[in-house]
**Q** 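Provided herewith is a single structure, encoded as structure tokens, for subsequent inquiry.
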There are 2 protein chains.
Amino acid sequence: MAPGVSSVFLSTTINGVDAKGRVSVPAGFRAVVRNDPEEKIFVWPSFEGGYLEGGGQALLDRYLALMEEMDPYDDARAAFEQTIFGDTRGLAFDGTGRVSLPRDLIDHAGLGGKAAFVGLGARFEIWDPDRLAERKASARNFARDNKKSLRLPPRTGGV
Amino acid sequence: MAPGVSSVFLSTTINGVDAKGRVSVPAGFRAVVRNDPEEKIFVWPSFEGGYLEGGGQALLDRYLALMEEMDPYDDARAAFEQTIFGDTRGLAFDGTGRVSLPRDLIDHAGLGGKAAFVGLGARFEIWDPDRLAERKASARNFARDNKKSLRLPPRTGGV
DNA sequence: TGGGATAACATGGGATCGGATGGGAAACAA
DNA sequence: TTGTTTCCCATCCGATCCCATGTTATCCCA
């Protein structure tokens with residue numbers, strides 16, 4: 001496979017979360033981590049809001065490398081380690097490509113029956129569909145209010 | 001070793017400490033040290049606060065190498081050696097994956113019935129759940145206020 | 001180009017396995 | 001002995017595995 005063709009998380013998919021907390025990971029997302037040493041995704045609660053962040057082994061390694069570069073007794077390092085690694089779960093797929101989300105992650109994201117997987121390249125986010133719609137709306141407004149600074153070409157339908 | 005191939009401690013797990021001082025080490029943590037020459041974890045009281053720090057053979061080796069690099073007559077070296085290695089215990093698992101924590105370690109961490117194992121990549125910490133909650137809150141705030149210093153390239157190398 | 005066959009994906013429920021925990025017996029130290 | 005630690009067994013509960021079903025996308029051929 002050509003490098004970079006399906007090696008990134010793309011597009012948004014909404015799947016159901018059942019009573020056991022199980023949710024199908026979009027097939028395209030599974031393909032991204034298919035050849036990882038451990039075929040699983042790593043997920044943690046965002047410290048910026050009520051949603052989850054995740055990625056594959058590659059993303060985790062990048063965070064680990066980032067931490068190694070910081071001073072061992074830097075307060076920032078300790079805070080990030082605690083906040084990110086301390087709450088990160090490695091989730092393996094069952095035979096049909098599902099993972100089961102721990103209850104605390106479901107609660108943090110406010111997931112009620114549905115989960116939206118949002119591909120963002122090297123990583124992805126998991127949202128409650130309603131919350132995602134809100135964020136999208138405000139992001140759109142922000143973009144409109146700031147389009148001059150964003151240098152958007154006129155008349156594109158875009159994103 | 002490649003950075004972070006499964007061999008990292010992740011996420012937070014709270015297990016019970018019984019009257020004998022026994023506590024189940026989270027299965028995921030046991031898996032990390034499964035192939036160590038000695039299948040045990042090494043734990044010592046943190047000199048930064050009322051909690052414990054620990055890791056596997058790999059972590060211990062790294063600290064040893066670090067010490068070797070320091071000047072033999074450096075006061076700091078002596079202090080670190082004394083503080084870390086002097087109080088480090090190697091704890092072996094019983095048949096069901098438990099270790100029994102010595103009384104002085106329990107006291108240092110203020111453990112009362114419960115112990116929170118916090119995975120931080122190459123190492124882990126053991127906290128009393130109440131103390132952990134306090135620190136987690138402040139770490140989270142710190143992380144949010146300083147996220148800019150966590151330089152995260154938004155994309156993978158290739159693409 | 002329409003339509004049926006086929007495969008891939010998503011989902012639901014029951015069975016099974018492994019991890020966490022409690023208690024007691026045996027080995028050990030003081 | 002007496003108190004302490006280690007080992008072993010029994011149980012509980014949640015996570016994982018497996019099989020069955022529904023649904024959608026894709027392919028192939030008339």
Side-chain angles (χ1 to χ4, degrees), chain A residues 1 5-6 9-34 38-44 52 54 87-107 111-119 124 126-129, chain B residues 6 9-34 38-41 43 54 89-107 111-119 124 126-129 132:
Chain A
M1 172 191 308
V5 169
S6 86
F9 302 101
L10 284 183
S11 92
T12 298
T13 307
I14 298 181
N15 283 339
V17 182
D18 68 18
K20 298 180 183 176
R22 296 182 304 184
V23 57
S24 282
V25 176
F29 284 30
R30 294 202 300 268
V32 175
V33 301
R34 177 137 304 152
E38 282 189 292
E39 206 170 301
K40 53 171 67 170
I41 57 173
F42 298 91
V43 179
W44 65 93
L52 310 178
D87 290 324
T88 296
R89 311 290 184 95
L91 304 176
F93 306 119
D94 71 7
T96 63
R98 285 177 292 196
V99 296
S100 62
L101 292 171
R103 200 162 327 271
D104 58 319
L105 291 186
I106 290 180
D107 291 344
L111 302 181
K114 296 280 179 188
F117 287 80
V118 183
F124 59 84
I126 302 175
W127 286 78
D128 174 75
Chain B
S6 136
F9 301 100
L10 281 185
S11 94
T12 298
T13 306
I14 298 179
N15 283 338
V17 182
D18 67 18
K20 301 178 184 177
R22 296 182 303 182
V23 57
S24 283
V25 177
F29 285 30
R30 295 202 299 269
V32 176
V33 302
R34 177 138 303 153
E38 284 188 292
E39 205 169 302
K40 52 171 66 171
I41 56 174
V43 180
R89 312 290 183 91
L91 304 176
F93 307 120
D94 71 7
T96 62
R98 284 179 291 199
V99 296
S100 61
L101 292 171
R103 188 88 48 206
D104 57 322
L105 291 186
I106 290 181
D107 291 343
L111 301 181
K114 297 276 179 191
F117 288 78
V118 184
F124 60 84
I126 301 175
W127 286 77
D128 173 75
L132 178 64

**Q** Please report the distance, rounded to the nearest Å, between CG in B/D18 and P in D/dT6.
**A**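 To the nearest whole Å, that distance equals 12 Å.
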**Q** Looking for any heavy atom pair under 4.0 Å, which part of the strands does A/V25 touch: base, sugar-phosphate only, or nothing?
**A**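 If one applies the 4.0 Å heavy-atom cut-off, A/V25 turns out to touch the sugar-phosphate alone, with no base involved.
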**Q** Whole angstroms only, please: what is the CG-C1' distance between A/L101 and D/dA15?
**A**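 Distance check: A/L101 CG to D/dA15 C1' gives 13 Å.
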**Q** Which distance, rounded to the nearest 0.5 Å, do you find between the CH2 of A/W127 and the CG of A/L52?
**A**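 Nearest 0.5 Å value for the CH2-CG distance: 10.0 Å.
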**Q** So what does B/R30 hit on the nucleic acid, given a heavy-atom distance under 4.0 Å: a base, only sugar-phosphate, or nothing?
**A**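 Sugar-phosphate only.
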**Q** Nearest-Å distance, NZ (B/K114) to C1' (C/dT21)?
**A**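 Whole-Å distance recorded here is 10 Å.
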**Q** What nucleic acid atoms does B/S24 come within less than 4.0 Å of, heavy atoms only: base, sugar-phosphate, or nothing?
**A**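 Since a base atom lies under 4.0 Å of B/S24, the category is base.
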**Q** Roughly how far, to the nearest 0.5 Å, is CG of B/D18 from CG of B/L101?
**A**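 So the CG of B/L101 and the CG of B/D18 are separated by 10.0 Å.
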**Q** Reckon A/R98 has a side-chain N or O less than 4.0 Å from the OP1 or OP2 of C/dG13?
**A**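 For C/dG13, neither OP1 nor OP2 has a side-chain N or O of A/R98 closer than 4.0 Å.
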**Q** In whole angstrom, what separates B/R89's CZ from D/dT6's C1'?
**A**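 Result: 16 Å.
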**Q** State whether A/T96 places a side-chain N or O below 4.0 Å from either non-bridging phosphate oxygen (OP1 or OP2) of C/dT11.
**A**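 Negative; the distance criterion is not met.
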**Q** Quick one: is B/R22 getting a side-chain N or O under 4.0 Å of the D/dT4 phosphate, OP1 or OP2?
**A**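 For B/R22, the contact criterion (side-chain N or O under 4.0 Å from OP1 or OP2 of D/dT4) is not met.
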**Q** Run the side-chain contact (heavy atoms from CB on, under 4.5 Å) check on B/K40 and B/L91 step by step: do they pass?
**A** CA-CA 5 Å; B/K40 52 171 66 171; B/L91 304 176; 5.6 Å; no
**Q** Within the structure shown, what part of the strands sits under 4.0 Å from B/G16 by heavy-atom distance: base, sugar-phosphate, or nothing?
**A**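 Sugar-phosphate only.
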**Q** Expressed in angstrom and rounded to an integer, what is the separation of B/L105 atom CG from D/dT5 atom C1'?
**A**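 Atom-to-atom, B/L105 to D/dT5, this comes out as 16 Å.
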**Q** Is a donor-acceptor pair below 3.5 Å formed from side chain B/K20 to base C/dG22, judging by atom type as modelled?
**A**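 No such pair is found, so the answer is no.
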**Q** In whole Å, I'd like the distance from the CZ atom of A/F93 to the C1' atom of D/dA15.
**A**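 Distance check: A/F93 CZ to D/dA15 C1' gives 17 Å.
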**Q** Quick check: closest heavy atoms across A/A115 and A/V17, and the distance to 0.1 Å?
**A**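 What the structure gives for the nearest pair is CB-CG2, 3.8 Å.
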**Q** Between B/D94 (CG) and C/dA25 (C1'), how many Å, whole number?
**A**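 One finds 15 Å between C1' of C/dA25 and CG of B/D94, rounded.
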**Q** Specify the separation, in whole Å, of atom CG of A/N15 and atom P of C/dA8.
**A**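 One finds 18 Å between P of C/dA8 and CG of A/N15, rounded.
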**Q** Check this for me, if you would: do A/D94 and A/K20 make a salt bridge, where the nitrogen-to-carboxylate-oxygen distance has to be below 4.0 angstrom?
**A**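 No.
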